[in-house]
Amino acid sequence: MNWLTDFIRPRIRSLVPQKEVPDNLWTKCPSCEGMLFHRDLDEALNVCYHCGHHMRITVKKRLGMLFDNGTYETLELPKVPFDPLKFKDRKKYADRLRDAQAKTNLKEAITLAKGTICGQKTVIAAFNFSFMGGSMGAGVGEAIVRAAEEAVASGSALVVIPSSGGARMQEGMLSLVQMPRSIIAVEMVKEARLPYIVLLTDPTTGGVSASFAMVGDIHLAEPGAMIGFAGRRVIEETVREVLPENFQTAEYLLEHGIVDQVVPRAELPETIGRILGLLMDKSACCSDTGKTKKTRKTGTAQA
Amino acid sequence: MSQLDFEKPILELEGKIAELRHVSGGSEVNIADEISRMQAKAARLLEQAYGKLTPAQKVQIARHQERPHFKDYIEKLIDDFTPLAGDRAFAEDYALPGGLGRFKGYPCVIIGHEKGHDTESRIKHNFGMARPEGYRKAQRLLSMASHFQLPVITLVDTAGAYPGRGAEERGQSEAIAKSIESCLRADVPIISIIVGEGGSGGAIAIAVADRVYMLEHSIYSVISPEGCASILWRSATHAEEAATALKLTAQDLKALDLIDGIIDEPVGGAHRHKDQTIANVGKTIEAALAELTPWDTNSLKQARRSKFLAYGRNFQA
């Protein structure tokens, strides 16, 4: 925030041998390399308080900050075939899957939850990037269908928050057909005239970006998030030109008309809540009825 | 003509036969017996080779330049073909041509990837890799088909959607997603045939259909075997293993119940028997249309959805 934290503190830190600092107390911002104290970083919702860089955030924290008072109910994930192709590369997919489950303590790369945002009933399907890169196979696709069914059954809005490298290739064609399957899910929500909001977070690429993520009523994106179809390296190899620095960032997509708004993380609950209110609550009310902000708490600080 | 490795002995034999024929013209020695013996042997070799193709070999055949292309199918199967160009916003995409025409006399809409047949046309058609404009034109044609109640035939043959700067800037992802959405919303029967390469999102964008068929030696995959190998094996040299692991052949996908049927190719593949292959495709489309045309709009759309929603649900968990 000032020259002391910006400049002097990192400088001093660089003089002190690393081992004296327990590694979980401080995080280095990957963008400005400023040092971030874990409690402050947590308070700032994993956004660098030196430069505003948005780091990834756990799903638990994400749900806690979005839902009113940080309270929500998680939905059980639907059962799907485990390793349908018996896929094996250098390692068995079954093992990779079990490892990911053990590492993250999650069943799949997606979490479903329901609650309210600024008083509006909402179902959220949020991707866990740490689970096999948030890749979409049958488990994730089926979960999106489940989320849509729940939204329709309970008259809730659907908010999907992708953070994914794309399709899970270890499930072969079964992962590719999740593109139409997830769009069918969105169709159900749209037919019920319920809002479908996509919150694009870092990264949203490949088969995930080319399906449910691009058919939202509203597309919001977090600052700096990487969003695109093909990977930057593939494009550079194909077209043999140097791409702009901010190519495929949320801001670049905003300029090119693909997202509605780029919204800093801290403003998301209020923005999503306001949009949901505008789309779902037809009764006349003025914006400062206090229905929103003040009743909110920034979730639980776990995980 | 490009050669397939595993076809080399056969091609050599065929070369020798041609040579002998040429020689026998001026010679008094009767070598007809020898020729027919060699022909029989060539046929036997071909049958052997095509009887036990590996997935990696199928990938090669599916990409064979001499396989019939969109243009060939149109010439043989569609009368009164009337190409329709452009997405009405930015450009025409020659990688994904489409238009109106008559199939067996009945008007329909046809959309498909075109890879091109020589260097010049391959460049023009961008090797069958479509840009957002192509998928937006597909959306336009799909909604026109609904409006005029014309069935839709799509022919899939692409390595994938084009990974380019402009394509990204103009919303490649959005164009593909909306193309899938347009397929789901269509009020008319859609029949898709994977005729060569079914490459990932760029393929499924026009293949969300009431009936999805694959030619016997075509492939359909979430990622190319080379791409998969370079990510999971960290080296493209493992493409053969990846081709097997991905289960991308028509036979694998039928066994997994992810396609509706396989269309036979004569022994030796579509690249040797264009006309017969195209005729087989025509028969399949005809049968599918006869079956689907009587359906009312709502049940058709509902069945299309249910079919895709059922994918994976019946597997042994």
Side-chain angles (χ1 to χ4, degrees), chain A residues 79-82 84-91 137-138 141-142 145 166-181 183-187 204-215 227-231 234-235 237-239 241 243-244 247-248 252-253 256-258, chain B residues 129 132 160-181 183-185 198 200-205 207-208 220-223 227-229 231-234 238 241-242 245-248 252-253 256 258-259 304-305 308-309 311-317:
Chain A
K79 277 216 161 59
V80 291
F82 185 86
L85 305 188
K86 305 275 169 275
F87 192 98
K88 182 172 176 281
D89 47 87
R90 291 174 308 154
K91 198 171 162 184
E142 196 68 55
V145 174
R168 188 172 297 166
M169 60 191 133
Q170 292 92 338
E171 293 189 15
M173 269 302 290
L174 196 60
S175 70
L176 193 69
V177 295
Q178 302 313 319
M179 293 172 67
R181 293 181 95 242
I183 293 179
I184 292 170
V186 172
E187 290 286 90
T204 301
T205 56
V208 163
S209 105
S211 59
F212 67 88
M214 280 293 149
V215 291
I227 306 155
F229 179 65
V234 176
I235 298 170
E237 277 164 20
T238 311
V239 300
E241 64 171 302
L243 298 165
F247 186 65
Q248 293 183 320
Y252 197 75
L253 266 75
H256 285 86
I258 293 162
Chain B
M129 293 184 286
Y162 185 64
R165 175 178 174 174
E168 293 288 325
E169 289 174 341
R170 299 191 299 277
Q172 186 72 288
S173 293
E174 195 265 359
I176 291 172
K178 282 281 165 64
S179 185
I180 293 174
E181 186 186 82
C183 288
L184 287 166
R185 287 180 180 179
S200 197
I204 205 165
V208 180
Y220 195 6
S221 182
V222 64
I223 185 169
C228 178
I231 298 170
L232 292 181
W233 278 267
R234 314 250 151 122
H238 291 270
E241 291 157 82
L246 282 166
K247 302 232 188 300
L248 44 62
D252 283 333
L253 294 172
L256 290 169
L258 293 173
I259 57 166
R304 193 181 304 144
R305 263 191 201 189
F308 276 85
L309 283 180
Y311 284 159
R313 283 184 180 167
N314 307 324
F315 283 16
Q316 294 293 310

Quick check: closest heavy atoms across A:M179 and B:I176, and the distance to 0.1 Å? CE-CG2, 4.1 Å

What part of A:S209 is in contact with chain B, defined as an atom under 4.5 angstrom from a non-hydrogen atom: side chain, backbone, both or neither? both

According to side-chain contact (heavy atoms from CB on, under 4.5 Å), who are the partners of B:L253, at least two apart in sequence or on a separate chain? A:M173, B:M214, B:Y220, B:L256, B:L258, B:I259

I'd like to check the side-chain contact (heavy atoms from CB on, under 4.5 Å) partners of A:A167; sequence neighbours left out, ordered by chain and number. A:S175, B:V222

Begin with the C-alpha distance, continue with both residues' side-chain angles, and end with the deciding distance and a verdict on side chain to side chain contact (heavy atoms under 4.5 Å, CB included) for B:L232 and A:R90. CA-CA 7 Å; B:L232 292 181; A:R90 291 174 308 154; over 6 Å; no

Hey, which of A:I227, A:V186, A:I258 has the most heavy atom pairs under 4.5 Å with chain B? A:I258

No-hydrogen, no-angle side-chain donor-acceptor test under 3.5 Å, B:E169 and A:Y252: yes

Looking only at heavy atoms, the pair that brings B:A177 and A:V215 closest together is CB-CG1, 3.8 Å

Which pair of heavy atoms, one from A:V145 and one from B:R313, lies closest together, and at what distance? CG1-NH2, 3.7 Å

Of all heavy-atom pairs between A:R181 and B:F308, which one has the smallest distance, and what is that distance? NE-O, 2.9 Å

Is it the side chain or the backbone of B:S221 that comes within 4.5 Å of chain A heavy atoms, both, or neither? backbone

Using heavy-atom distances under 4.5 Å, tell me whether A:F212 contacts chain B through its side chain, its backbone, both, or neither. neither

For the student: nearest non-hydrogen atoms of B:L246 and A:M169, plus distance: CD2-O, 3.6 Å

Side chain / backbone / both / neither for B:L248 at chain A, heavy atoms under 4.5 Å: neither

For B:I180 and A:A210 the tightest heavy-atom approach is CD1-O, 4.2 Å

Measure distances from B:I223 to the heavy atoms of chain A and classify the residue's part below 4.5 Å as side chain, backbone, both or neither. side chain

Contacting moiety of B:E241, where chain A heavy atoms sit under 4.5 Å: neither

Portion of A:E237 that has a non-hydrogen atom of chain B nearer than 4.5 angstrom: neither

Using non-hydrogen atoms only, which part of A:L174 is less than 4.5 Å away from chain B: side chain, backbone, both, or neither? both

Please check this pair: side chain of B:E168 against backbone of A:A230, looking for a donor-acceptor N/O pair closer than 3.5 Å. yes

Which one, B:K178, B:R170, B:R304, leads in non-hydrogen pairs under 4.5 Å with chain A? B:K178

